[in-house]
Colleague: 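The structure under discussion is supplied below as structure tokens; questions concerning it will follow.
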Amino acid sequence: MNHTQYHDSVETLIRYAHHYYVLDDPLVSDEEYDRLCHEVLAYEQAHPEALRADSPTQRVGAPVLEGFEKAEHLSRMWSLEDLFDHEELLRWIERTKKLSDVTHFYCEPKYDGASLNLIYEHGALKSAITRGDGSIGEEVTQNARTIRSIPLRIAYEGLIEIRGEVVIFKEEFEAINRERLSRGESLFANPRNAAAGSLRQLDSAITASRNLVFLPYGVGYNTLEGRTLSERMEWIYALGFKRPPMRRVCECAEEIDAFYREMQDARDTFAMMLDGMVIKVDAINAQEELGYTVKNPRWAAAYKFPAVEKMTRLLDIVLQVGRSGVVTPVAVVEPTAIEGVIVERATLHNFDEIERKDIRIGDCVIMLRSGDVIPKIVKVLTSERSGNERIMPRPTHCPVCGSELLDEGALIKCQNLTCKARVVNAIIYFASKPCLNIDGLGEKIVQSLYDAGLIAGVEDLFGLTLEQLLRLEGFKEKKSRNLLEAIEAAKGCECWRFINALGIEHIGEVASKMLCRHFGVKLEEATKESILALEGFGVEMAESVAEFWRVNSDHVMRLRAILSPQEPPRQSEAAQNPFKGKTVVLTGSMSRPRDAIKAELEALGAKVSGSVSKKSDFVIYGEEAGSKLDRALELGVETLSEAQMQMMLEVHA
Ligand code: IVH
């Protein structure tokens, strides 16, 4: 690759990413994108002086911060006046019309997330600041850079603030909470908290892993000329920002109300959570004429959707046993309509949570449902108690197989590997989307295959025959053939799907991808020590993999033989060099991106770790290195300056 090709490739990557993350319309496969990304990264490593700040390789890998700096917005960030019903809407419209010559209203969703102010100058993203008190917020630029729907460059030279909401999609939110639950960590209450919490991470790698999305809703400081907000927004989308799922210019209360109802009906189909519709005066000169109250603009308002909290009665608590044996309490509630959906079950998370909230059977409770998110019990109305409420004791025996449970506090587990609930759920998980993605093999079918005695574990799926299926109720020729074909199609799956499908505790999709990148399909090479050396893996995860292999190696080998997962390109064996097989820690700011140095060391066979221990071989320090360097000196670990490392690299190049 030469210099011109490098620039062309960066442009191509930016275009691919824009189509993928902003337009939801991928141009190429993930593999193709990764391949080009690797080429670009290799060029950047060889020519650090040519590195472009807007290269997609620069979206991750910033140093972990000690805290956030405060930063001032160029112009104030306002909040919105809330409107709760049709009458309030009419009064608001009347007032705007009285104060100015208002004819058109721009309406778009009110996203439920965290607001963010992006400052661009000379076409580059200069800083990203959270709302804070409206005047001063926190600078979270390096986290914002990891959000793929925030362009690092825009085709506009002037100084401008682009404002919007950082959200987490509902599906992503549920996946994060599922993973947190399996690790015994506290759960995010809703996507808004998850988005806000993810935006305020000191380690931008965590922010990057959360798949946040930025949705623009306006500008702050600017010297733009357009006459209307709707034109301005079109211009913003054309710069490379994401469009809202619905927007419309309305002329009167009836039109606004009709659009509001449409949006409310459609809200469940949107990937993000909405909590209302925002109505803004479309003409910029009318906005200026209307001006602001102490808190809010007079030219905008939030038309809120009805509350999603409902009161109900807790009729019973039933127990579910998951594939890992964890026993989860589920609330059975008096059927209650929330947002047009009849809710009969709600999550209670775990028994510690039930005790903390003092939830009893028969209690009057407040239940919360947000979008597609599973409803949950948030509060008990203790004043409504009659005295007949029953405390649910912690279970001691598995409700499915009857074996004794292991009570670990937050988690209570069935230890019986052949417990029906565990087996069936493990097979359902094995076939699910982020695993082998076997079409048509859902909960019901797995149940009937198990009940008919055709499968007792995942391996049996691959021995199913047409004759066996045809004997089952509801299985006609076509359905049976389709199922067998879908099972057959799982063979030759991607390596990470195979690892994820094993259902190793604490190892989700992201961790599976990392394991696969480092060890390929050879899980036996993933020793506790070698996993610990990987970025983002803690002791619990490393032990879980090692223990899983110890207990299940035969099963994994058999499954591997059946599935023949694709072997990903492994890093080629490095020639002898001073870093080969060594554990290295990088600290302080370096003259080149940390990720580039890391990749180079890894290519030489080094393990780059995030923390210093007695087992570290080298601590390589840049400018303003802090506690990690101190710790290295304390432990007597060999330290190298960046320049010393560079010399050693060159000698062995
Ligand atoms: S406009 C003057 N538009 O809601 C403009 N805000 O209560 C002020 N929000 O802090 C904001 N979606 O974080 C606007 N389409 C939208 C919005 C939106 C969500 C948030 C925003 C703001 C809060 C105001």
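All ligand and atom numbering here is 1-based and tracks the order in the structure. Remember, predicted model here, so these are calculated numbers, not experimental data.
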Colleague: Give me the nearest non-hydrogen protein atom to atom 24 (C) of ligand 1 as residue plus atom name, then the distance to 0.1 Å.
Modeller: Leu80 N, 3.5 Å
Colleague: Can you sort out which atoms of ligand 1 are near Lys110, meaning under 4.0 Å from one of its heavy atoms?
Modeller: 4 (O), 7 (O), 12 (N), 19 (C)
Colleague: Please list the nearest protein heavy atom to atom 12 (N) of ligand 1 with its residue and the distance rounded to 0.1 Å.
Modeller: Tyr111 N, 3.0 Å
Colleague: Nearest heavy atom to atom 20 (C) of ligand 1 wins, so pick from Glu165, Arg298, Lys304.
Modeller: Glu165
Colleague: Just checking, is any N or O donor in the side chain of Glu251 or Thr103 under 3.5 Å from an acceptor N or O on the other one?
Modeller: no
Colleague: When you check the side-chain N and O atoms of Asn211 and Glu172, is any donor under 3.5 Å from an acceptor?
Modeller: yes
Colleague: Got an N/O contact under 3.5 Å between Trp299 and ligand 1?
Modeller: no
Colleague: Between Arg385 and Asp363, does any side-chain N to carboxylate O distance fall below 4.0 Å?
Modeller: yes
Colleague: Looking at Glu11 and Arg52, is there a salt bridge between them, counting it only when a charged N and a carboxylate O are closer than 4.0 Å?
Modeller: yes
Colleague: Please determine if Asp24 and Lys242 form a salt bridge, counting it only when a charged side-chain N lies under 4.0 Å from a carboxylate O.
Modeller: yes
Colleague: Return the closest protein heavy atom for atom 17 (C) of ligand 1 as residue, atom name and distance.
Modeller: Tyr217 CD2, 3.5 Å
Colleague: Do me a favour and list the nearest non-hydrogen protein atom to atom 3 (N) of ligand 1 with residue, atom name and distance?
Modeller: Lys280 NZ, 3.0 Å
Colleague: Just to confirm my output: which protein heavy-atom neighbour is closest to atom 8 (C) of ligand 1, and how far is it?
Modeller: Trp78 O, 3.6 Å
Colleague: What I want to find out is whether Arg232 reaches Glu234 closely enough, with some N-O distance under 4.0 Å, to be called a salt bridge.
Modeller: no
Colleague: Identify, by atom number and element, the atoms of ligand 1 in contact range of Pro297, meaning under 4.0 Å from any of its heavy atoms.
Modeller: 2 (C)
Colleague: Are Arg356 and Glu353 close enough for a salt bridge, meaning some N to O gap below 4.0 Å?
Modeller: yes
Colleague: What atoms in ligand 1 come closer than 4.0 Å to a heavy atom of Glu108?
Modeller: 3 (N), 15 (N), 16 (C)
Colleague: Regarding Glu262 and Arg267, does a basic nitrogen lie under 4.0 Å from an acidic carboxylate oxygen?
Modeller: no
Colleague: Below 3.5 Å, N or O to N or O, backbone or side chain included: is there any such pair between Pro109 and ligand 1?
Modeller: yes
